[in-house]
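Written out below as structure tokens is the structure these notes cover.
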Number of protein chains: 2
Amino acid sequence: MTIGIVGAGALGLYYGALLQRAGHEVRFLLRRDFDAITRNGLRVTSPNGDFHLARVLGFRETHHMGQVDLVLVGLKTFANHHLPELVAPLLGPETRILTLQNGLGNEELLAANFDAARVLGGIAFLCSNRGEPGVVHHLDQGRIRLGEFTGGLSAYADSLAATFRQAGIPCEAVADLPKARWEKLVWNIPFNGLCALTGLTTDRLLALPATRDQVRAIMEEVITAANAQELSAPITTEFAARMITLTTAMGAYRPSMMIDRAEGRPLELEAIYALPLARAAEHGVAMTRVAMLHALLEAGEA
Amino acid sequence: MTIGIVGAGALGLYYGALLQRAGHEVRFLLRRDFDAITRNGLRVTSPNGDFHLARVLGFRETHHMGQVDLVLVGLKTFANHHLPELVAPLLGPETRILTLQNGLGNEELLAANFDAARVLGGIAFLCSNRGEPGVVHHLDQGRIRLGEFTGGLSAYADSLAATFRQAGIPCEAVADLPKARWEKLVWNIPFNGLCALTGLTTDRLLALPATRDQVRAIMEEVITAANAQELSAPITTEFAARMITLTTAMGAYRPSMMIDRAEGRPLELEAIYALPLARAAEHGVAMTRVAMLHALLEAGEA
């Protein structure tokens with residue numbers, strides 16, 4: 001399979017490297033890492049074993065990449081206004097597009113610009129970050145759940161999940177992509193925002209009873225909002241408990257939004273906060289703590 | 001009148017200076033500023049006119065200060081465990097104690113250690129901060145509302161308010177001190193915490209619609225909690241609107257808690273957050289946003 005990676009940050013580099021190692025032809029759109037990767041290749045450190053790809057196909061612009069079978073989108077959502085122009089040159093008649101971006105609104109943006117039937121979404125529960133140019137660190141986790149934007153299970157989604165699994169990526173196809181997205185938000189909304197706002201890692205927030213209670217209360221607000229959408233089945237409060245247990249096991253983790261703020265980048269507020277708040281409000285649910293967190297994060301962006 | 005100032009930060013230095021200028025014998029307990037003030041006196045800058053006091057009575061310890069007519073307490077509440085031992089040496093049979101400290105619990109602490117009938121509380125709406133040693137900057141406002149801890153109007157409270165007014169301090173005696181305290185919390189709880197947490201001055205919070213809405217929502221939570229206590233009259237939502245108008249006029253103000261955090265000092269979380277939350281809970285009121293703000297501020301203290 002030929003795969004074009006649009007948005008080769010920690011997520012795009014890591015999954016792209018695994019897919020290339022499994023024999024696929026992967027073409028990376030690169031900015032910061034272009035020189036390092038085209039010269040010296042791409043190195044992955046991982047608890048599953050480090051590896052190095054000596055020859056990597058790097059491009060500075062997508063209109064030099066050619067058409068591919070699959071576009072994998074890992075772009076930060078604050079750059080989504082560039083997404084249609086970046087993706088368009090990669091599309092042949094049969095090309096599918098899988099966005100693994102955070103939050104809500106990404107599949108909708110792709111579907112509005114291209115054919116909705118091309119679009120898949122996925123949520124990646126991945127702890128990774130970029131090292132020096134040419135290096136990506138996989139820290140923990142890595143599971144992907146993907147599904148068709150138009151809903152339901154498809155043969156294509158099943159086969160794509162199998163392809164990912166063959167490359168060493170735990171992956172499953174899901175019929176209800178919105179449910180998977182909201183489940184991811186149950187994690188992203190408390191941890192991304194609270195860590196970015198306070199500068200504290202996940203373990204510090206969970207170690208203090210008061211902030212641990214806030215994490216849980218925010219998760220419950222998100223679950224209430226999620227269950228007011230038309231999901232195939234409700235998200236249980238037990239899911240929140242599992243997320244907290246899993247995050248405790250991750251140790252001193254710095255969520256992507258905390259890193260974005262520390263490094264002076266914009267935050268993914270639209271996808272992770274504004275749109276979920278709007279969808280909640282459309283269904284009559286006020287997420288009080290989430291709105292406060294969003295307001296305080298937004299104030300820091302000015 | 002002889003007046004002992006315990007806690008000569010920006011508030012204690014400013015009011016003490018005004019009282020000395022009006023002819024009272026003021027004795028200051030000093031730490032950081034002891035050398036500068038005992039050598040060169042105390043300088044006050046103010047929109048009402050700068051002035052300099054050449055001879056100031058500074059002490060390093062209260063047991064050298066002698067008995068006074070009035071103890072004026074301006075100590076940061078995070079140092080309240082020292083308060084009884086600091087105040088005791090200043091007390092003669094008729095000495096009264098006025099605490100102008102932030103938040104709840106200060107009069108109670110003094111009453112528990114001394115005679116409740118000695119204790120007055122006051123709220124100071126004062127924008128001031130310390131400059132270099134020996135200098136205090138008065139920026140804006142300065143009104144004091146004071147009252148008896150044991151409640152009701154008293155001839156003493158009236159005469160003390162008159163003494164303060166004669167010294168150029170706008171002051172009035174109030175019968176319902178708890179109401180005045182909660183009114184001050186309507187300002188302190190949103191602005192102290194939000195500015196300390198975000199590092200943004202009051203004008204920035206009020207300029208953005210989302211944070212302005214949060215300020216108002218937090219004020220409404222505090223008003224609901226206040227009105228569940230046994231106050232002589234309810235605090236109106238119009239009071240919150242007045243506080244926002246007044247704060248807008250203050251420009252780019254840095255509340256004391258924001259300065260405390262920036263300078264690495266502890267925050268006055270017990271008096272301004274924990275006790276008000278406990279009093280609200282005792283009356284069945286949950287202050288959702290206030291609890292979240294408290295948790296996030298507390299997490300940053302570790």
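Values below: every heavy atom of this structure, side chains too, minus hydrogens, waters and symmetry copies. Just so you know, these numbers come straight off a predicted model, no measurement behind them. So that the names make sense, note that chain A is the first sequence line, chain B the second, and so on, each numbered from 1.
Under 3.5 Å, the side chains of A:Asn80 and A:Glu270 contain no donor-acceptor pair of N or O atoms. Counting only N and O atoms by type, the side chains of B:Asp176 and B:Ser232 include a donor and acceptor under 3.5 Å apart.
Using a 4.5 Å heavy-atom cutoff, the side chains of B:Leu11 and B:Gln101 are not in contact. Side-chain atoms of B:Leu13 and B:Arg130, non-hydrogen and from C-beta on, do get closer than 4.5 Å to each other.
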*asked:* One pair to check against salt bridge (Lys or Arg N to Asp or Glu O under 4.0 Å): A:Glu220 and A:Arg216. What are the steps and the verdict?
replied: CA-CA 6 Å; A:Glu220 281 164 15; A:Arg216 196 177 289 119; 5.4 Å; no

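For B:Ala217, no part lies near chain A; criterion is any non-hydrogen pair under 4.5 Å. Both the backbone and the side chain of B:Thr211 come within less than 4.5 Å of a heavy atom in chain A. For chain A, the nearby parts of B:Arg289 are the backbone and the side chain; heavy atoms of each come within less than 4.5 Å. Heavy-atom distances place the side chain of B:Leu194, and not its backbone, under 4.5 Å from chain A.
Highest contact tally toward chain A, considering only B:Leu205, B:Ile218, B:Asp213, B:Thr288, is held by B:Thr288 [criterion: heavy-atom pairs under 4.5 Å]. Highest contact tally toward chain A, considering only B:Ala210, B:Ala295, B:Gly300, is held by B:Ala295 [criterion: heavy-atom pairs under 4.5 Å].
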